[in-house]
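Right, one structure below, let's go through it.
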Amino acid sequence: MKNIILPFLVVFFLLQSGACISQPTKKGKALVGVFEGRTPCQELAKQLNEITIPECIKIKWRLVLYKDSTVVNTGTYQLEGFVFRKDNILKGKWYLTKGTKADPETIVYQLDHPLRKPIFLQKGDDNVLFFLDREKKLMVGNRDFSYTLNRVVDVRY
């Protein structure tokens with residue numbers, strides 16, 4: 001009897017723990033993950049070439065990554081936050097690249113958009129992404145906010 005129940009328990013716990021590589025979406029693409037965070041406003045707005053007011057102290061972000069079904073290291077993204085809201089959500093393609101000035105082997109998500117310079121995010125682990133500047137150096141936060149996005153949906157890539 002134990003030999004029959006054990007395989008079912010293993011499958012059940014694997015499904016519950018999020019061990020699946022990705023989840024299919026309605027559009028036929030697989031959801032890699034949803035990440036959120038709050039960053040300081042002024043420095044990131046300057047990097048994105050967006051005008052801001054002096055009173056802006058933080059930006060709340062939501063990044064959704066989808067994987068293309070045919071290519072492993074690429075997909076599409078939706079970035080919400082700052083001026084990217086409602087009908088103006090920033091959408092484009094992402095690519096996995098390698099290397100920063102500090103670590104040539106680290107994994108970096110490059111978010112491309114046809115009308116903007118790329119946004120670089122270093123993968124800390126499966127649950128954390130760090131904003132990088134144009135030179136691919138980690139951006140340093142302040143006492144209130146960091147340049148970090150944390151996974152809010154448990155999907156592993």
Side-chain angles (χ1 to χ4, degrees), residues 17-25 27-157:
S17 69
C20 299
I21 294 199
S22 59
Q23 294 179 357
T25 65
K27 300 174 187 174
K29 295 185 179 188
L31 179 66
V32 174
V34 179
F35 300 85
E36 292 182 350
R38 288 176 175 81
T39 66
C41 180
Q42 302 298 324
E43 296 84 0
L44 202 49
K46 183 189 288 186
Q47 182 172 317
L48 295 171
N49 293 325
E50 293 293 339
I51 298 170
T52 184
I53 58 173
E55 294 81 21
C56 181
I57 60 167
K58 70 174 179 188
I59 305 171
K60 183 175 179 182
W61 296 100
R62 180 179 182 87
L63 173 65
V64 182
L65 297 172
Y66 298 99
K67 183 176 83 87
D68 286 344
S69 59
T70 57
V71 183
V72 176
N73 295 331
T74 187
T76 59
Y77 72 88
Q78 293 181 4
L79 182 63
E80 298 175 60
F82 195 52
V83 295
F84 312 122
R85 296 187 199 125
K86 299 180 184 176
D87 294 334
N88 195 33
I89 294 173
L90 192 63
K91 297 177 183 181
K93 298 278 288 175
W94 63 261
Y95 305 90
L96 281 184
T97 64
K98 243 185 172 184
T100 64
K101 292 207 174 217
D103 183 356
E105 295 301 314
T106 194
I107 295 172
V108 175
Y109 284 90
Q110 180 176 325
L111 307 182
D112 283 348
H113 186 274
L115 303 175
R116 298 181 168 275
K117 292 182 180 177
I119 298 170
F120 300 107
L121 296 162
Q122 181 177 336
K123 182 178 178 180
D125 63 25
D126 286 340
N127 298 309
V128 180
L129 300 174
F130 301 105
F131 278 96
L132 300 173
D133 66 15
R134 297 270 179 244
E135 297 175 2
K136 291 189 177 179
K137 293 190 285 186
L138 286 170
M139 296 183 75
V140 179
N142 58 36
R143 65 182 178 153
D144 298 315
F145 306 105
S146 66
Y147 289 99
T148 306
L149 299 177
N150 295 292
R151 182 182 298 276
V152 294
V153 175
D154 189 24
V155 178
R156 305 271 158 82
Y157 174 67

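Only heavy atoms go into these numbers, but all of them, side chains included; no hydrogens, no water, no symmetry mates. Position 1 is the first residue of the sequence; numbering continues from there.
Between the CG atom of N142 and the NZ atom of K58 there is a distance of 12.0 Å, given to the nearest 0.5 Å. Separation of atoms CZ (R38) and OG1 (T148) is listed at 13.0 Å; rounding is to 0.5 Å.
Between L132 and T100 the shortest side-chain heavy-atom distance falls below 4.5 Å. Within the 4.5 Å cutoff, the side chain of D133 has no heavy atoms near those of the L138 side chain. Residues T39 and M139 are not in side-chain contact: their nearest non-hydrogen atoms beyond the backbone lie 4.5 Å or more apart. Residues F131 and L149 are in side-chain contact: their nearest non-hydrogen atoms beyond the backbone lie under 4.5 Å apart. Between D126 and R151, the closest side-chain pair of non-hydrogen atoms falls below 4.5 Å. Between L96 and V108, the closest side-chain pair of non-hydrogen atoms is not below 4.5 Å. Residues N73 and Y95 are not in side-chain contact: their nearest non-hydrogen atoms beyond the backbone lie 4.5 Å or more apart. Residues D144 and I57 fail the side-chain proximity criterion, which asks for heavy atoms closer than 4.5 Å.
A pairwise comparison of heavy atoms in P40 and G141 identifies CG-CA, 4.2 Å as the closest pair. The two residues I89 and Q78 come nearest to each other via the heavy atoms CG2-CB, 4.0 Å. Considering every non-hydrogen atom in both D125 and V128, the closest pair reads OD1-N, 3.2 Å.
Under 3.5 Å, the side chains of Q122 and T106 contain a donor-acceptor pair of N or O atoms.
A distance below 6.0 Å separates the ring centres of W94 and Y109.
In the displayed structure, I53 atom CD1 is contacted under 6.0 Å by more than 12 heavy atoms of other residues, nucleotides or ligands.
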Given the rule in the side chain to side chain contact (heavy atoms under 4.5 Å, CB included) test, do N127 and F35 qualify, once you have shown the distances and angles that lead to the verdict?
-> CA-CA 8 Å; N127 298 309; F35 300 85; 5.7 Å; no
Under the side chain to side chain contact (heavy atoms under 4.5 Å, CB included) criterion, do C41 and T52 qualify, and how do the steps go?
-> CA-CA 8 Å; C41 180; T52 184; 3.5 Å; yes
Kindly determine whether V64 and V32 satisfy side chain to side chain contact (heavy atoms under 4.5 Å, CB included), including the steps that lead there.
-> CA-CA 8 Å; V64 182; V32 174; over 6 Å; no
Decide yes or no on side chain to side chain contact (heavy atoms under 4.5 Å, CB included) for L65 and T76, but give the supporting numbers first.
-> CA-CA 6 Å; L65 297 172; T76 59; over 6 Å; no
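Between D68 and K93 there is a salt bridge, with a side-chain nitrogen of the basic residue lying less than 4.0 Å from a carboxylate oxygen of the acidic one. Ion pairing of E36 with K60 is absent here, as no side-chain N (NZ or NE/NH1/NH2) approaches a carboxylate O to less than 4.0 Å.
Contacts classified as salt bridge (charged side-chain N to carboxylate O under 4.0 Å, His left out) and involving residues 46-56 (residues at least two apart or in different chains) are given here: E50-R116.
Remark: K136 is positioned above the aromatic ring of F120, its terminal NZ or CZ atom under 6.0 angstrom from the ring centre and at most 45 degrees off the axis.
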